[in-house]
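One structure is given here, and the rest of the page talks about it.
All values reported here derive from a predicted model rather than from experimental measurement. Positions are given from 1 along the sequence.
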Amino acid sequence: MSAFSTLAIYFIIWWLTLFAVLPLGVRTQAEENDIVPGSVESAPARFRALRVVLLTTVIAAAIHLGWYLVSVKLGYGIDSIPRFAPEFY
């Protein structure tokens with residue numbers, strides 16, 4: 001597998017992980033009792049971008065390492081999944 005393919009797969013995993021990490025540990029303005037006029041109550045009180053990026057990078061790296069070990073080193077892929085439905089030709 002080429003380095004470009006590996007980086008592309010890592011980027012996809014990172015991007016999907018970002019949306020899973022974004023709501024972790026967020027306190028809303030309503031929870032902090034500090035609502036800024038003109039914003040919704042559910043807006044984050046303090047957005048910590050560096051924390052989100054670092055946590056996303058670490059989690060995505062762990063997932064990517066697991067994928068790499070299973071697919072490249074052990075040789076499992078899409079064709080390794082058993083089919084339960086009959087094949088119609």
Side-chain angles (χ1 to χ4, degrees):
M1 179 174 288
S2 70
F4 181 75
S5 296
T6 304
L7 287 175
I9 291 171
Y10 177 76
F11 177 73
I12 292 169
I13 292 171
W14 191 91
W15 194 253
L16 291 173
T17 307
L18 173 67
F19 290 108
V21 169
L22 273 175
L24 296 179
V26 173
R27 301 221 4 120
T28 63
Q29 291 180 10
E31 292 172 339
E32 295 284 328
N33 291 326
D34 184 25
I35 300 171
V36 177
S39 67
V40 294
E41 295 178 355
S42 61
R46 288 182 307 266
F47 180 66
R48 299 176 181 151
L50 182 62
R51 181 181 152 272
V52 169
V53 168
L54 290 176
L55 188 58
T56 301
T57 302
V58 169
I59 293 172
I63 293 170
H64 187 265
L65 178 64
W67 168 82
Y68 183 80
L69 290 175
V70 168
S71 67
V72 175
K73 295 298 181 185
L74 296 178
Y76 291 104
I78 294 293
D79 296 331
S80 301
I81 299 172
R83 290 189 182 174
F84 297 108
E87 295 181 21
F88 298 105
Y89 293 100

Is any side-chain heavy atom of Asp34 less than 4.5 Å from a side-chain heavy atom of Gln29? no
Whether Ser39 side chain and Ile35 backbone form a donor-acceptor pair below 3.5 Å: no
Nearest heavy atoms of Ser80 and Gly75, plus distance in Å: OG-O, 4.3 Å
Within one Ile-Leu-Val-Met-Phe-Trp-Tyr cluster: Leu24 and Ile13, side-chain cutoff 4.5 Å: yes
Residues passing the side chain to side chain donor-acceptor pair (under 3.5 Å) test with Glu31, sequence neighbours excluded, are none
By ring pair (Phe, Tyr, Trp, His ring centres under 6.0 Å), which residues pair with Phe4, not counting sequence neighbours? none
Looking only at heavy atoms, what is the nearest atom pair of Val52 and Leu22, with distance? CG1-CD2, 3.8 Å
In the single-linkage hydrophobic clustering (I, L, V, M, F, W, Y; side-chain heavy atoms under 4.5 Å), do Val53 and Ile12 co-cluster? no
Set out, in order, the CA-CA distance, both residues' side-chain angles and the distance that settles side-chain contact (heavy atoms from CB on, under 4.5 Å) for Thr17 and Ile63, then state yes or no. CA-CA 9 Å; Thr17 307; Ile63 293 170; 4.0 Å; yes
So if you build clusters from Ile, Leu, Val, Met, Phe, Trp, Tyr with side-chain heavy-atom gaps below 4.5 Å, do Leu50 and Val21 land together? no
Report whether Leu74 and Leu69 are members of the same hydrophobic cluster (ILVMFWY, side-chain heavy atoms less than 4.5 Å apart, transitive linking). no
Look at the side-chain heavy atoms of Ile, Leu, Val, Met, Phe, Trp and Tyr, link any pair under 4.5 Å apart, and say whether Phe11 and Val58 land in one connected group. no
Would you list the pairs meeting ring pair (Phe, Tyr, Trp, His ring centres under 6.0 Å) in which at least one residue belongs to residues 24-66, sequence neighbours left out? Tyr10-His64, His64-Trp67
Let's go through Trp14 and Thr57 carefully: what are the C-alpha distance in whole Å and the side-chain angles of both, what is the deciding distance for side-chain hydrogen bond (donor to acceptor under 3.5 Å, both in side chains) to 0.1 Å, and is it a yes or a no? CA-CA 7 Å; Trp14 191 91; Thr57 302; 3.1 Å; yes
Could you grab the distance from atom CG of Leu54 to atom CD1 of Ile59, nearest 0.5 Å is fine? 11.0 Å
By the rule that ILVMFWY residues connect when side-chain heavy atoms come within less than 4.5 angstrom, directly or transitively, which residues belong alongside Val26? none
Quick one: list whatever passes side-chain contact (heavy atoms from CB on, under 4.5 Å) with Ala8, sequence neighbours left out. none
Contacts of Arg27 that satisfy side chain to side chain donor-acceptor pair (under 3.5 Å) - sequence neighbours left out: Glu32
